[in-house]
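Some notes on the structure that comes next.
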Amino acid sequence: MNTPEPFAGEVVHSPVRHHILSVLVENKSGVLARIAGLFARRGFNIYSLAVAPSERHARFSRITIVVDAESAPLEQMMGQLDKLVNVVDIWDIAPKDAVERELLLATIATDVSNRTSLLDILGRAGASIIDVDPGAVTVMLAGTPASCDEFERALEDYSSVELHRTGRLAVPRLGQELTNPERGPR
Amino acid sequence: MQLTGAQALIKSLEQQGVDTVFGLPGGAILPVYDPLLDSSIRHILVRHEQGAGHMAEGYALATGRPGVAMVTSGPGSTNIVTPIANAHMDSTPLVVVTGQVATSSLGLDAFQECDITGITMGVTKHNFLVRTAHDIPRAVAAAFHLATTGRPGPVLIDLPKDVAQSTMEWWYPAGPDEYDLPGYHPLIDLDEADVERAVALMAAAERPVLYVGGGTLKSRATAELRAFAERTRIPVVTTLMARGAFPHSHELNLGMPGMHGLYAAVTAMQRSDLLITLGARFDDRVTGRTAAFAPGARVIHVDIDRAELGKIRQADVAIQGDVGTVLRAFEAAGAMPARLDTWWSEIRSWQAAYPLTYEDEPTEGPLRPQHVIESLAANAPEGTIVASGVGQHQMWTAQFWPFEEPNSWINSGGAGTMGFGVPAAIGAKVGRPDRTVWCIDGDGCFQMTAQELVTARSEGIPVKVAILNNSHLGMVRQWQEMFYDERYSEVYLSPDLPDYVQWAEAMGCVGLRATTPKEMSDVIDEANAINDVPVVIDFRVDATEKVFPMVPAGASNDDILVHPSQRKETR
């Protein structure tokens, strides 16, 4: 039987001073490399990054980047990003003005002894079971980054957990003004 | 009209008004070299792709028009990365076309395949991999648009061989709306409130300085600058990249600031209460230790690139905009500082106490490099263009050559690319055949790219090259003397290996040599009389001569070291 590695530290996914950049980009090859390269080159730290086609999905994709605003001034990050020709629009969303959600998937080894307690945790977190076999379950939680952190901590007691998180997506709270609403495709 | 992709590329370059392409053919770019035979475009066949890139830069800097280079895939493309990076640092408009392996071979490690768009992502303003012949006109038009608008820079077009060979129905985009650049908006509306705040700062200033950078030249705003400076009488410093943006001989000109800047220019910035920053970027070679730079100064920062505002130094008023447009707005608003008499009398006292200086050489030589530069300048016709490599000779040229007009000084500023001088001078001469072009080079730099003089001779480009031969990598030697206890490590090059005169003759140039002041004036006259072939002069200069003033790396600009002969009375 495999002995799982003991959990070696604290789960800290939320940076001290994070900021969310919601970046609309042209859906062209190499765009992600341009953005990743820029951040690496200039020493801007990325906490998470999510990419998917946007509402204008034929031409544009949206990249949601959670940045460490301590690693460089936000203005500098946005100014440099804006210079990338394939970047169409940047929305800077402060955490207090954002509705943030993240998806967590975890596969947990189960047996008779731990099934009940696991169900209890899932119930409290609002997570659901999306796949089952005799030795394991895969569960899903869609929630705030903090609730995902909390759920992740609750799963620490289980010996074999394989965990995936998407990184957060964010939209401005309704009624909030965007920082740079004037830019965009013309 | 059906054209091949190769024909479409050449026709697109013609549409853009390109008259010259610097390049070297190879396998993947071969199809494009065929229609070139039928084109009005002049092709300059270089001896190394790096030469093509620097020539295109020299052409762009001398003419203000984008330079164009064309090379093959793989090593052809990697050889031109240095010029691309150099142009990126100095915001020089460049369009570089690279051949690429066929699209079916991309990603399969084919012969001479290289991910040049990946490699140059960080050193281009933008790059394209063109996947269909139909897209070629748009890529070319967009490349020129990107290279020349906003903050200029290099743009690379990677063209797979099969795309060049396939056919397309000819079309050409009518304007930027058809370039498919939804994220690129170079036109900026000036915020009047920013202008008013800047004008208010100027009205309160008692020790203002116009800190003029290369962006002022890129914006072609030298007439506006001169009008503004003359009306307000604000002192002007021009950075290494901006030499020539304001006339050297002008009474308001303090010269170059920075690590090897003039004492008065450096000190005026240090004591200033308002830096009016025009297309400059607070480079470490200008500021010295950033935290100690111009501690009492408020800052107005004008730049077309938003990311430069606040990057190094927080501005009190940051204005994103074109320097010329902003200067016209300052004029319209009647920006005017208080009386500057006291400020000017302080500045005049610094100028009087610490002018640029050097000691006379012995009559038997070796020569003082500064004396060589002054003699070349004194005998050069008006409008002479000067290119240089990187190092001591570059700094002396920036200090001692009296640049009176824009686009007359061609050097590698941000990147500091040794070997830039010879090919850049050739490119400048191609762009401005009416002008005398001198390359003032070091012996170390010359050895890096001298083979392009073969290009110059065979293409009939009569540049003049002055090698300040101190038989050393002089700037490194200077640092080792001053900061490494005179422990000279790997800086000796020998004065006569190679024999520069013989080397020049072997390349079809006239080779001359001068060791004494008498020989110096003779060979300068001789070189000036030759206008059909390139001339190379080997000036034997004193290896111990150092560039002063100097602010040691990492030191405050307050700790500027003046020439040894000026030190007693100061400290």
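A note on names: the letters A, B, ... follow the listed sequences, proteins ahead of strands, and every chain is numbered from 1.
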Checklist line | R41(A), part contacting chain B, at a heavy-atom distance under 4.5 Å | finding: side chain
Notebook entry, point to check: Should R197(B) and D191(B) count as an ion pair when the cut-off is N to O under 4.0 Å?
Noted result: no
Notebook entry, point to check: Which bit of L146(B) comes within less than 4.5 Å of chain A, counting heavy atoms only: side chain, backbone, both or neither?
Noted result: side chain
Notebook entry, point to check: Do the side chain of D316(B) and the main chain of V299(B) share a donor and acceptor less than 3.5 angstrom apart?
Noted result: yes
Check: Just wondering, do Q16(B) and P66(B) contact through their side chains at under 4.5 Å, heavy atoms?
Finding: no
Next item on the list: Using a strict 4.0 Å threshold on nitrogen-to-oxygen distance, state whether R124(A) and D120(A) make a salt bridge.
Entry: yes
Checklist line | Residue part contacting chain B, namely of V85(A), when any heavy atom lies under 4.5 Å | finding: both
Margin query: For the CG atom of L119(A) and the CD1 atom of I129(A), what is their distance to the nearest 0.5 Å?
Written below: 5.0 Å
Margin query: So for D115(B), is it side chain, backbone, both, or neither that comes closer than 4.5 Å to the heavy atoms of chain A?
Written below: neither
Item checked: Top contributor to chain B contacts, counting heavy-atom pairs under 4.5 Å, from Q76(A), Q80(A), E75(A) -> Q76(A)
Checklist line | Heavy-atom proximity to chain A below 4.5 Å, by part of D305(B) | finding: side chain
Note to self: With a 3.5 Å distance limit and no angle check, can you tell me whether E100(A) reaches the backbone of P145(A) through a side-chain donor-acceptor pair?
What the structure shows: no
Checklist line | Part of E26(A) within contact of chain B (heavy atom distance under 4.5 Å) | finding: side chain
